[in-house]
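Data block below; observations after.
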Amino acid sequence: MADKKKLLLIDGHSVAFRAFYGLHSQLERMKNRNGLHTNALYGFHNMLEVIVNKEQPTHALVAFDAGKTTFRHEYFDDYKGGRSKMPSEFSEQIPFMKDLLKGFGLQSYQLENYEADDIIGTLAKEAEENGFEVVILTGDRDLTQLASDAIRVDITKKGVSDLKEHTKQSIQEEMGIDPIQIIDMKGLAGDASDNIPGVTKIGDKTALKLLHEYGSVENLYENIEAMKKSKRKEYLINEKETAFLSKKLATIDTNAPIEVKLDNLTYSGLSMEDLISFYKEMDFNSHLQKLDTSEYMEQLAEDAVEVEYTFLNELSSSHFSSNMAMYIEMLNENYHHAEIVSIAWGNDESIYVTDPQTAFASDAFKAWIEDEDSSKVLYDAKRTYVALNNKGMTLKGITFDIMLASYLLTAEDSSSGDIVDVARKHNYDHITPDEVVYGKGKKIKVPEDSALMHDHMARKVLGIYHLSDSMDKQLKENEQEDLLKEMELPLAIVLADMEIQGITVDAERLERMKEEFGTTLESIEERIYEEAGETFNINSPKQLGVILFEKMGYPVIKKTKTGYSTAQDVLEKLKDEAPIVEHILQYRQIAKIQSTYIEGLLKVIDPQTSKIHTRYLQTVARTGRLSSVDPNLQNIPVRLEEGRKIRQAFIPREKGWKIFASDYSQIELRILAHISEDDHLIKAFLDDEDIHTTTAMRVFDIDTPEKVTSDMRREAKAVNFGIVYGISDYGLSQNLNITRKEAKDYIDTYFDRFPGVKEFIDTVIREAKENGFVETLFHRRRYLPDINSRNFNLRSFAERTAMNTPIQGSAADILKMAMIEMAKRMKEENLEATMLLQVHDELIFEVPEHEMDKLESLVKEVMEKTVELSVPLKVESSAGDNWYQAK
DNA sequence: AGTGAACTCT
DNA sequence: CATGAGAGTTCACTT
């Protein structure tokens, strides 16, 4: 049997409007690259997706209201009066609705002088008469009057793609009336949202009661004489006209003179091409990625430019020239262990693809890779360098890296690591996402048809080659060329060498610690179960919350989205009355050490060499800092003794060598002094004063350093931190456990005593508002789209970013410069010592005893002098048999 | 497979 | 109105 015909009717405007408010909290975050708000479009999209998938309609139409007046205004001037004007954030999205609908393959329709409701009503009835099943999607309750055996009305609920279905039956159950009587109800009770007046003192409840008795407005008035004398009766009689008018206004016209024919509304599904271009226009990247891969492939096949390439089984020097892009494919993120599956290179004249065996057996390939004068344009130079290093080659002649360039141009979310995202952001659309070619998750593999991969490789190479040109120009415009070529690119190689070198870790020592901590953990566990009176999973905040706040009845201090907060600062406050929390805190501390640092590190030690090779991510932190993964060696415990012991396991690669660490003292405050030119701050550093003590003296009005108590210094330190991070009185008060007013006084006094700092903050925020971005000392940029937002939170956040980024980012710049210089000098001086780690303001080396003095003076000179500010930079160094001792 | 809470660092 | 910058990993829990 042929499927029944099903018509889907959508009330475009009301659904979009609901979507807008449903995602209103996301308003400022959801913008495309041109700053267009996209929340209503996004929500509307999701609703369409849900309903189209669920209903599988054979016919569909989206109806819109037309113009400002409808026939209803002829009866009643103030119809829909009192509605506030559409916010511009919503109205700016309306023009793009048509692109969205096009993508879904949906027709839309509007009719002069009629509302969408009337179009929907007319078509719904017509369809019903022709044996259709009808589903109406709307954000407006008005349409429920249309519900019948064949017509269902779905209303969007607050949750974005959640729908409430209204059928004839459900309305009868809920209200005790037929859907058509809803208009009688409105006649009596009115509808505030449409400014339909109704009869005085009659609301929904009373109206329903009257309808149960009389059935309709007409019948009510025919029998009104018999009604018992009452105030209500008077109102009804006096406002008879209003009641009939209201009913008329509320009645959907099911005989609108529409020109569309049902037969022309057949629905044939998504239009991939249009949908993809809509996603691109809106920067709906997650949707782009989600698209069914085969459809995506088809689409690409249709509109993609052909990329020509040659697959080579044998290489010769004629295949290489001086200016080429290259890409090496590995299917594992961690390039230290990943297998190379394909290699491609070329330029706009020719592109070559080969397999790794062929490349690595070729002298011509090695000669080209190692030729300083053959310039190579890459995506992720560090990754490429490490991969080739594993094959015994040293990559030379790197002139450009589009990943690094993209990071410098638009540091925003370039994190995913996929070349497609970078390319797309710079309007290059001819690269397929890796996921499509290789699959994702556990199922990642080289495609059966290896030609698919070769084509993919060729596209990447061509993309890299093209993009390097336009990116180079943009960098020049931003004065960022040096930042790439003198900082990030050379740094990539320095980092690669550090990663390849790795740091030696004493696995046996970790194993012994694991035993010890394991025993401790068990005994704490037991004690907690005893105190709680039952066993439970201490690691589960949910279960812990139930024990503490329900079973044991301790006061709830803070809540999270999902339940009770059991965070450290909350538990600290319960310490006095609840002995159990002491043990919980202790448990958590040790459990963290055990799982993350002992077991976690043991897992990543190379059993052959006893080394750990982290990966530094150069394009993640928005301030220009590095981050470290697999494992993260930038957050090895130091603050508390138990955790700090982990550092004993980090040792030099040779017996008798030392671990040597140098860190910048107060680099961020020194940079603040330099940028702000605050006289007092500058003087403090010129005189090499203890900066927290100096701050305490100025803020607390103390005349000599000796009179500054340790508490005052501690509070001053917190204030200094606050200044660097962009302070709020609330934040400082939380931090110091003082009142908000006291915190505010501290801050005001600070700004009064360091006026240059105050001026810096005002200036940097003002400039950020004008330019839309802030810069570090070396022209690293960070765009702040929210800096002029009307949303207080977003704006405040952007303002704090505006003051913090130049400070944190300049510190990152300086250490990067120092690292490059350090690597160069160590090579020149032929030192055996090796740079191993970078932890934001410190560098860690391993060094033979006899080079200690040399290294110490070299590090000091390089770190203090590579970049010179208006205040001195100060470096503190220490050494020991392991990382624990070197601090 | 993805999210949130908790913890670690500068 | 919610509340100090920048990161990564582990676990529990949900989809």
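Reminder, nothing fancy here: chain letters follow the sequence lines and each chain counts from 1.
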Can you tell me, in whole Å, how much space there is between the P of C:dA2 and that of B:dA5?
16 Å
Taking atom P in both C:dC1 and B:dA6, what distance in whole Å separates the two?
24 Å
Indicate, with a heavy-atom threshold strictly under 4.0 Å, whether [X] touches base, sugar-phosphate, or nothing.
| X | answer |
| --- | --- |
| A:Ala718 | base |
| A:Gln734 | nothing |
| A:Gln543 | sugar-phosphate |
| A:Arg740 | base |

Provide, to the nearest angstrom, the distance between the [atom1] atom belonging to [X] and the [atom2] atom belonging to [N].
| X | N | atom1 | atom2 | result |
| --- | --- | --- | --- | --- |
| A:Phe721 | B:dC9 | CZ | P | 13 Å |
| A:Arg795 | C:dA2 | CZ | P | 15 Å |
| A:Lys542 | B:dA6 | NZ | P | 14 Å |
| A:Ile584 | B:dC7 | CD1 | C1' | 15 Å |
| A:Ile598 | B:dC7 | CD1 | C1' | 15 Å |
| A:Gln634 | B:dT8 | CD | C1' | 12 Å |
| A:Leu736 | C:dT3 | CG | P | 18 Å |
| A:Arg800 | C:dA2 | CZ | P | 14 Å |

When rounded to the nearest 0.5 Å, the distance separating CD1 of A:Ile814 from CG of A:Leu869 is 4.5 Å
Rounding to 0.5 Å, atoms CZ (A:Arg766) and NZ (A:Lys769) come to a distance of 11.5 Å
Face-on cation placement of A:Arg740 at A:Tyr730 ring, 6.0 Å and 45° thresholds
no
Suppose we screen for ring pair (Phe, Tyr, Trp, His ring centres under 6.0 Å). Which residues come up paired with A:Phe797, at least two apart in sequence or across chains?
none
Provide the closest heavy-atom pair for A:Gly439 versus A:Ile444 in the form atom of the first, atom of the second, distance.
O-CG1, 3.5 Å
Measure up the A:Tyr529 and A:Phe536 rings against each other and bin them: parallel (under 30°), tilted (30 to 60°), perpendicular (over 60°).
perpendicular
Just N and O in the side chain of A:Ser796: are any of them under 4.0 Å from OP1 or OP2 of C:dT3?
no
Nucleotide nearest [X] when distance is taken to its side chain, options [options]:
| X | options | answer |
| --- | --- | --- |
| A:Ser540 | B:dT10, B:dC7, C:dA12 | C:dA12 |
| A:Tyr730 | B:dG4, C:dA2, C:dT3 | C:dT3 |
| A:Lys561 | B:dT10, C:dA5, B:dG4 | B:dG4 |
| A:Arg588 | C:dC13, B:dA5, B:dC7 | B:dC7 |

Would you check if the side chain of A:Tyr664 reaches a backbone N or O of A:Met863 as a donor-acceptor pair within less than 3.5 Å?
yes
Can a salt bridge be assigned to the pair A:Asp678 and A:Lys758 using a cut-off of 4.0 Å between side-chain N and carboxylate O?
no
Sole residue of A:Gln543, A:Arg588, A:Lys558 in side chain to side chain donor-acceptor pair (under 3.5 Å) with A:Thr566:
A:Arg588
Just do the side-chain hydrogen bond (donor to acceptor under 3.5 Å, both in side chains) check on A:Arg782 and A:Thr805 with the steps written out, would you?
CA-CA 8 Å; A:Arg782 180 161 179 187; A:Thr805 294; 3.2 Å; yes
Quick one about A:Thr560 and A:Ser565 (side-chain donor to acceptor, distance below 3.5 Å, no hydrogens or angles considered), yes or no?
no
Side chain to side chain contact (heavy atoms under 4.5 Å, CB included) against A:Thr749, all qualifying residues, sequence neighbours excluded:
A:Val699, A:Arg753
Those residues at least two apart in sequence (or on a different chain) that pass side chain to side chain contact (heavy atoms under 4.5 Å, CB included) with A:His840 are A:Arg625, A:Gln634, A:Gln838
Looking at DNA chain B, which of residues 638-646 of chain A put a heavy atom within less than 4.0 Å of it?
A:Val638, A:Arg639
Contact string for nucleotides 6-11 of chain C, one letter per nucleotide 5' to 3', B = base within protein heavy-atom range under 4.0 Å, S = sugar-phosphate only, - = neither, reads BSBBSS
Output the residues of residues 722-729 of chain A in contact with DNA chain C, where contact means a heavy atom of the residue under 4.0 Å from an atom of the strand; sort by number or write none.
A:Gly722, A:Tyr725, A:Gly726, A:Ser728
